[in-house]
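Every value quoted in this text rests on a predicted model; they were computed, and no experiment measured them.
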Amino acid sequence: MALSDELAPLDPAMIIVTCAADGEQDGCLVGFHAQCGMSPLRYAVWLSRMNRTFRVAHAATHLGVHLLDETDHELAELFGGTTGDDVDKFARCAWAPGAMGVPMLTDCAHRFVIEKLAMLDVGSDHELVVGAPIESSLVAEGSLRPLRLHAAVDIPAGHPAE
Ligand SMILES: Cc1cc2nc3c(=O)[nH]c(=O)nc-3n(C[C@H](O)[C@H](O)[C@H](O)COP(=O)(O)O)c2cc1C
């Protein structure tokens, strides 16, 4: 079954998820994500098991979430079109350690850190990660015009999903 055509009008906003563990760090472009609880606040991202980011995230306790602006296409290309297996993405962008040592992309003016609460394997190529946003990590400067899927589909994924 192919749902892609039915879902295309939703045109989700794109984010970059980052993480660090055991002396390694990585991050990838993510289209599968959502707020999934209000009280207490929860946030979910789905990571492809093929990605290097997934392997680092598995061992990490926290993840960085960066909401991308329309002007962030280059950053989306770096994190979605290359893999940490071949490229040190952090050598090619501005970043700094954030809450709990999570590498945070300082050019993204809308970002926060989530504490990983659970991971769920539902037998597909992506695994669900649910986290609790750390309130003190929230940075939201200026307005955001989200970079949406339609403007990122030109990026060939650095890792195939299967
Ligand atoms: C438009 C677009 C959406 C993507 N959405 C996701 C996603 O929701 N989850 C995910 O794990 N990877 C997603 N990817 C794929 C990764 O961002 C990509 O394979 C990346 O190169 C993996 O890098 P890594 O191996 O360093 O983790 C997407 C890629 C693109 C181009």
Side-chain angles (χ1 to χ4, degrees), residues 1-5 7-8 10-34 36 43-98 100-114 116 118-131 137 139 144-162:
M1 183 167 89
L3 267 178
S4 305
D5 289 347
L7 298 180
L10 297 181
D11 202 13
M14 306 304 293
I15 64 169
I16 291 173
V17 171
T18 55
C19 50
D22 302 331
E24 293 193 86
Q25 58 186 29
D26 203 1
C28 69
L29 183 67
V30 165
F32 298 155
H33 65 98
C36 61
Y43 206 86
V45 302
W46 281 261
L47 295 179
S48 164
R49 269 191 268 117
M50 297 298 286
N51 292 352
R52 181 170 177 272
T53 302
F54 172 81
R55 299 197 292 274
V56 179
H58 216 269
T61 57
H62 294 76
L63 305 179
V65 175
H66 307 77
L67 313 186
L68 296 186
D69 187 79
E70 288 178 338
T71 56
D72 290 326
H73 190 273
E74 215 173 294
L75 213 47
E77 246 179 306
L78 176 63
F79 279 86
T82 67
T83 168
D85 285 336
D86 304 329
V87 164
D88 178 2
K89 301 180 190 183
F90 294 92
R92 301 183 182 192
C93 65
W95 69 279
M100 308 308 290
V102 180
M104 299 303 285
L105 308 179
T106 47
D107 284 341
C108 292
H110 295 258
R111 56 185 194 262
F112 54 92
V113 171
I114 59 173
K116 236 176 72 188
M119 290 188 77
L120 181 65
D121 178 355
V122 290
S124 186
D125 47 13
H126 286 64
E127 253 184 56
L128 169 66
V129 187
V130 181
S137 71
V139 175
L144 179 79
R145 293 161 66 96
L147 178 76
R148 296 198 175 274
L149 179 60
H150 80 266
V153 282
D154 62 310
I155 302 169
H159 250 304
E162 38 189 358

Verdict with reasoning, Asp121 to Arg49, per salt bridge (Lys or Arg N to Asp or Glu O under 4.0 Å): CA-CA 10 Å; Asp121 178 355; Arg49 269 191 268 117; 3.7 Å; yes
Donor-acceptor contact below 3.5 Å, side chain Thr18 vs main chain Pro103: yes
Closest non-hydrogen atom pair, Val17 against Thr53: O-CG2, 4.1 Å
Minimum side-chain heavy-atom gap Asp72-His66 below 4.5 Å: no
Side chain proximity check, Leu68 to Ile15, heavy atoms < 4.5 angstrom: no
Close side-chain approach of Val129 to Met119, heavy-atom, < 4.5 Å: yes
Heavy-atom pair of closest approach, residues Leu147 and Ala76: CD2-CB, 3.7 Å
Heavy-atom pair of closest approach, residues Arg52 and Glu24: NH2-OE1, 2.7 Å
Short side-chain to backbone donor-acceptor contact, Trp95 and Phe90, under 3.5 Å: yes
Side chain Lys89, main chain Gln25, donor-acceptor under 3.5 Å: no
Nearest heavy atoms of Gly31 and Pro12, plus distance in Å: O-CB, 4.0 Å
Atom of His62, atom of Val102 and distance for their closest heavy-atom approach: CB-CG2, 3.5 Å
Shortest non-hydrogen contact between Ala34 and Trp46, atoms and distance: N-CZ3, 4.4 Å
Side-chain donor/acceptor of Ser137 to backbone N/O of Phe112, under 3.5 Å: no
side-chain contact (heavy atoms from CB on, under 4.5 Å), paired with Cys108, selected from Leu144, Leu75, Leu67: Leu75
Any donor-acceptor pair under 3.5 Å from Asp11 side chain to Leu149 backbone: yes
